[in-house]
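Down below is the structure, laid out as C-alpha coordinates.
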Amino acid sequence: GRRLASSTGQSIQIIDFNEDGSVQQITDHPVLNLGSIGSADWSHDENKIAVASSYSPNLGGEERYEGIYLVDLQGGDLELILGRRFPEGYAPTWSPDGRSIAYTATFGHSLGIYVHNLEEQVVRFIARGTYNAWSPDGSKLAVCCEDGLKLVDFDGQNERVLSEAVRGDTHPLSWSR
(Lines give C-alpha, C1' and ligand atoms only; values in the text may rest on other atoms or scores of the structure.)
Protein backbone atom coordinates (compact mmCIF):
# COMPACT_ATOMS: atom_id res chain seq x y z
CA GLY A 1 0.00 0.00 0.00
CA ARG A 2 0.96 3.57 -0.57
CA ARG A 3 -1.51 5.28 1.74
CA LEU A 4 -2.02 5.35 5.49
CA ALA A 5 -5.21 6.28 7.37
CA SER A 6 -5.02 8.29 10.57
CA SER A 7 -7.34 10.24 12.84
CA THR A 8 -6.66 13.48 14.65
CA GLY A 9 -9.51 14.58 16.85
CA GLN A 10 -12.62 14.76 14.70
CA SER A 11 -11.16 14.26 11.23
CA ILE A 12 -9.90 11.28 9.29
CA GLN A 13 -6.81 11.92 7.21
CA ILE A 14 -5.08 9.99 4.46
CA ILE A 15 -1.32 10.22 4.10
CA ASP A 16 -0.19 9.49 0.56
CA PHE A 17 3.38 8.18 0.44
CA ASN A 18 3.42 7.97 -3.34
CA GLU A 19 3.68 11.69 -3.89
CA ASP A 20 5.35 14.21 -1.60
CA GLY A 21 4.17 12.69 1.72
CA SER A 22 1.60 15.43 2.21
CA VAL A 23 -1.49 14.82 4.33
CA GLN A 24 -4.82 14.79 2.52
CA GLN A 25 -7.76 15.46 4.84
CA ILE A 26 -10.70 13.31 3.74
CA THR A 27 -13.40 14.37 6.16
CA ASP A 28 -14.19 16.56 9.14
CA HIS A 29 -17.56 15.73 10.64
CA PRO A 30 -17.95 17.41 14.08
CA VAL A 31 -21.60 16.36 14.46
CA LEU A 32 -20.49 12.76 14.93
CA ASN A 33 -17.83 13.88 17.40
CA LEU A 34 -15.31 11.28 16.25
CA GLY A 35 -12.48 10.34 18.52
CA SER A 36 -9.34 8.48 17.60
CA ILE A 37 -9.45 5.42 15.37
CA GLY A 38 -9.07 2.16 17.28
CA SER A 39 -8.74 -0.01 14.19
CA ALA A 40 -9.25 0.42 10.46
CA ASP A 41 -9.37 -1.72 7.33
CA TRP A 42 -9.18 -0.56 3.71
CA SER A 43 -11.64 -1.88 1.14
CA HIS A 44 -9.90 -3.93 -1.54
CA ASP A 45 -10.63 -1.29 -4.19
CA GLU A 46 -9.16 1.37 -1.79
CA ASN A 47 -12.24 3.61 -2.18
CA LYS A 48 -13.49 3.17 1.41
CA ILE A 49 -12.15 2.52 4.87
CA ALA A 50 -14.04 0.78 7.67
CA VAL A 51 -13.00 2.36 10.97
CA ALA A 52 -13.75 1.71 14.61
CA SER A 53 -13.95 5.09 16.29
CA SER A 54 -15.45 6.47 19.45
CA TYR A 55 -18.36 8.83 19.08
CA SER A 56 -20.73 10.77 21.26
CA PRO A 57 -24.45 10.75 20.43
CA ASN A 58 -24.65 14.29 21.84
CA LEU A 59 -22.07 16.80 20.60
CA GLY A 60 -19.92 17.68 23.59
CA GLY A 61 -21.52 14.97 25.72
CA GLU A 62 -19.52 12.71 27.99
CA GLU A 63 -21.35 9.53 26.93
CA ARG A 64 -19.16 7.79 24.32
CA TYR A 65 -19.45 4.54 22.37
CA GLU A 66 -17.25 2.64 19.96
CA GLY A 67 -18.89 2.59 16.53
CA ILE A 68 -18.03 1.25 13.08
CA TYR A 69 -18.03 3.80 10.27
CA LEU A 70 -17.53 3.53 6.53
CA VAL A 71 -15.52 6.43 5.15
CA ASP A 72 -15.93 7.19 1.44
CA LEU A 73 -12.51 8.35 0.29
CA GLN A 74 -13.87 9.96 -2.88
CA GLY A 75 -16.45 12.25 -1.27
CA GLY A 76 -15.53 12.13 2.40
CA ASP A 77 -18.95 10.88 3.51
CA LEU A 78 -19.26 8.95 6.77
CA GLU A 79 -21.80 6.18 7.25
CA LEU A 80 -22.37 4.74 10.72
CA ILE A 81 -23.01 1.00 10.26
CA LEU A 82 -22.68 0.00 13.92
CA GLY A 83 -23.36 2.03 17.01
CA ARG A 84 -27.10 2.34 17.22
CA ARG A 85 -28.00 -1.35 17.16
CA PHE A 86 -25.13 -2.50 19.40
CA PRO A 87 -23.49 -0.42 22.14
CA GLU A 88 -19.93 -0.85 20.87
CA GLY A 89 -17.86 -2.48 18.17
CA TYR A 90 -14.30 -2.77 16.94
CA ALA A 91 -11.93 -4.63 14.63
CA PRO A 92 -13.74 -4.24 11.29
CA THR A 93 -12.45 -6.42 8.42
CA TRP A 94 -13.61 -6.30 4.79
CA SER A 95 -14.57 -9.50 3.00
CA PRO A 96 -12.39 -10.22 -0.04
CA ASP A 97 -15.32 -9.44 -2.40
CA GLY A 98 -15.99 -6.10 -0.66
CA ARG A 99 -19.68 -6.86 -0.04
CA SER A 100 -19.48 -7.51 3.71
CA ILE A 101 -17.64 -6.36 6.81
CA ALA A 102 -17.00 -8.59 9.82
CA TYR A 103 -16.54 -6.92 13.19
CA THR A 104 -16.57 -7.60 16.89
CA ALA A 105 -19.55 -6.27 18.83
CA THR A 106 -20.90 -6.51 22.35
CA PHE A 107 -24.38 -7.96 22.55
CA GLY A 108 -25.68 -8.52 26.03
CA HIS A 109 -22.66 -9.46 28.14
CA SER A 110 -20.63 -11.34 25.54
CA LEU A 111 -18.46 -10.44 22.59
CA GLY A 112 -19.27 -11.86 19.21
CA ILE A 113 -18.27 -11.67 15.57
CA TYR A 114 -20.94 -10.32 13.24
CA VAL A 115 -20.99 -10.04 9.44
CA HIS A 116 -22.72 -6.99 7.98
CA ASN A 117 -23.80 -7.45 4.35
CA LEU A 118 -23.53 -3.93 2.93
CA GLU A 119 -25.72 -4.55 -0.12
CA GLU A 120 -28.65 -6.14 1.72
CA GLN A 121 -28.09 -4.28 5.04
CA VAL A 122 -28.34 -7.58 6.92
CA VAL A 123 -26.31 -8.37 10.04
CA ARG A 124 -25.62 -12.00 10.99
CA PHE A 125 -24.11 -13.39 14.19
CA ILE A 126 -21.18 -15.67 13.26
CA ALA A 127 -19.56 -16.84 16.50
CA ARG A 128 -18.61 -15.78 20.00
CA GLY A 129 -15.13 -14.30 19.94
CA THR A 130 -12.94 -11.23 19.90
CA TYR A 131 -11.02 -10.92 16.61
CA ASN A 132 -11.54 -12.29 13.12
CA ALA A 133 -9.81 -12.67 9.76
CA TRP A 134 -11.38 -13.60 6.41
CA SER A 135 -9.95 -16.48 4.42
CA PRO A 136 -8.51 -15.24 1.09
CA ASP A 137 -11.50 -16.68 -0.83
CA GLY A 138 -14.05 -15.19 1.61
CA SER A 139 -15.68 -18.51 2.46
CA LYS A 140 -14.50 -18.71 6.09
CA LEU A 141 -13.55 -16.60 9.09
CA ALA A 142 -10.85 -17.40 11.63
CA VAL A 143 -12.14 -16.32 15.06
CA CYS A 144 -10.38 -16.02 18.44
CA CYS A 145 -12.55 -17.12 21.36
CA GLU A 146 -12.35 -18.66 24.83
CA ASP A 147 -12.23 -22.17 23.30
CA GLY A 148 -9.26 -21.31 21.08
CA LEU A 149 -8.83 -20.37 17.44
CA LYS A 150 -11.91 -21.40 15.44
CA LEU A 151 -12.63 -21.68 11.75
CA VAL A 152 -16.24 -20.82 10.82
CA ASP A 153 -18.04 -20.59 7.47
CA PHE A 154 -18.94 -16.97 6.63
CA ASP A 155 -22.61 -17.79 7.33
CA GLY A 156 -21.84 -19.00 10.88
CA GLN A 157 -22.05 -22.72 10.06
CA ASN A 158 -19.47 -25.53 10.43
CA GLU A 159 -17.57 -24.11 13.40
CA ARG A 160 -14.47 -26.06 14.44
CA VAL A 161 -11.55 -25.43 16.80
CA LEU A 162 -8.20 -25.25 14.99
CA SER A 163 -6.00 -24.62 18.01
CA GLU A 164 -6.54 -24.37 21.75
CA ALA A 165 -3.19 -22.57 22.13
CA VAL A 166 -4.66 -19.29 20.80
CA ARG A 167 -7.38 -18.21 23.23
CA GLY A 168 -9.54 -15.36 24.39
CA ASP A 169 -8.35 -11.81 24.09
CA THR A 170 -5.69 -12.52 21.49
CA HIS A 171 -4.67 -9.60 19.32
CA PRO A 172 -5.87 -9.20 15.72
CA LEU A 173 -5.49 -12.05 13.25
CA SER A 174 -4.10 -11.87 9.74
CA TRP A 175 -4.52 -14.55 7.08
CA SER A 176 -1.77 -14.96 4.46
CA ARG A 177 -2.82 -14.24 0.88
Side-chain angles (χ1 to χ4, degrees), residues 1-7 12 14 26 37-54 65-75 77-177:
R2 299 177 210 159
R3 298 186 291 172
L4 181 69
S6 178
S7 172
I12 296 171
I14 302 300
I26 296 299
I37 293 175
S39 56
D41 193 34
W42 290 82
S43 64
H44 295 280
D45 64 6
E46 296 188 6
N47 289 326
K48 292 185 178 181
I49 299 176
V51 296
S53 181
S54 58
Y65 299 99
E66 291 295 317
I68 306 289
Y69 295 86
L70 292 184
V71 181
D72 182 338
L73 300 178
Q74 307 302 317
D77 295 331
L78 289 173
E79 177 186 353
L80 179 64
I81 65 166
L82 172 73
R84 293 187 182 105
R85 185 170 176 181
F86 298 99
E88 66 179 55
Y90 60 93
T93 58
W94 286 89
S95 64
D97 66 8
R99 289 188 232 164
S100 299
I101 295 177
Y103 48 74
T104 305
T106 302
F107 186 71
H109 295 288
S110 63
L111 287 174
I113 305 299
Y114 294 81
V115 170
H116 186 124
N117 181 304
L118 299 171
E119 294 173 351
E120 299 172 10
Q121 293 300 313
V122 174
V123 178
R124 285 187 320 269
F125 172 77
I126 301 300
R128 291 178 62 146
T130 53
Y131 288 98
N132 74 84
W134 290 90
S135 64
D137 67 0
S139 67
K140 300 185 181 329
L141 286 159
V143 175
C144 282
C145 66
E146 292 176 6
D147 299 332
L149 179 63
K150 291 183 181 181
L151 189 62
V152 184
D153 289 352
F154 82 98
D155 61 3
Q157 302 296 312
N158 301 317
E159 185 176 302
R160 66 183 174 112
V161 176
L162 295 176
S163 171
E164 294 180 2
V166 180
R167 292 179 173 267
D169 229 3
T170 301
H171 294 284
L173 303 168
S174 180
W175 204 306
S176 69
R177 296 179 201 240

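The structure presented is a predicted model; accordingly, all values stated were derived computationally and were not measured. Residues: numbered from 1 along the sequence shown.
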Practice item. Determine the interplanar angle of the Tyr103 and His116 rings, folded into 0 to 90°, and report it as parallel if under 30°, tilted if 30 to 60°, perpendicular if over 60°. Key: tilted
Check your understanding: Under a 4.5 Å cut-off applied to non-hydrogen side-chain atoms, are Val51 and Val71 in contact?
Key -> yes
Exercise for review: With rounding to the nearest 0.5 Å, note down the distance linking OG in Ser100 to CD in Glu119.
Suggested key: 7.5 Å
**Study point:** Lys48: partners by side-chain hydrogen bond (donor to acceptor under 3.5 Å, both in side chains), with sequence neighbours left out
**Key:** none
Exercise for review: List for me each residue that meets salt bridge (Lys or Arg N to Asp or Glu O under 4.0 Å) alongside Asp155, sequence neighbours excluded, and say none if there are none.
Suggested key: none
Check your understanding: Do the side-chain N and O atoms of Asn132 and Thr93 include a donor-acceptor pair separated by under 3.5 angstrom?
Key -> yes
Exercise for review: Measure the CD-CD distance between Glu146 and Glu164 for me, rounded to the nearest 0.5 Å.
Suggested key: 13.0 Å
**Study point:** Side-chain touch Leu118/Arg99, heavy atoms, less than 4.5 angstrom
**Key:** no
Review point. For Ser95, what residues pass the side-chain hydrogen bond (donor to acceptor under 3.5 Å, both in side chains) criterion, not counting sequence neighbours?
Key: Asp97
Check your understanding: Rounded to the nearest 0.5 Å, what separation is found between the OH atom of Tyr114 and the CD1 atom of Ile126?
Key -> 10.0 Å
**Study point:** Non-hydrogen side-chain atoms of Val152 and Asn158 separated by less than 4.5 Å
**Key:** no
Review point. Do Trp94 and Trp134 touch side chain to side chain, with heavy atoms closer than 4.5 Å?
Key: no
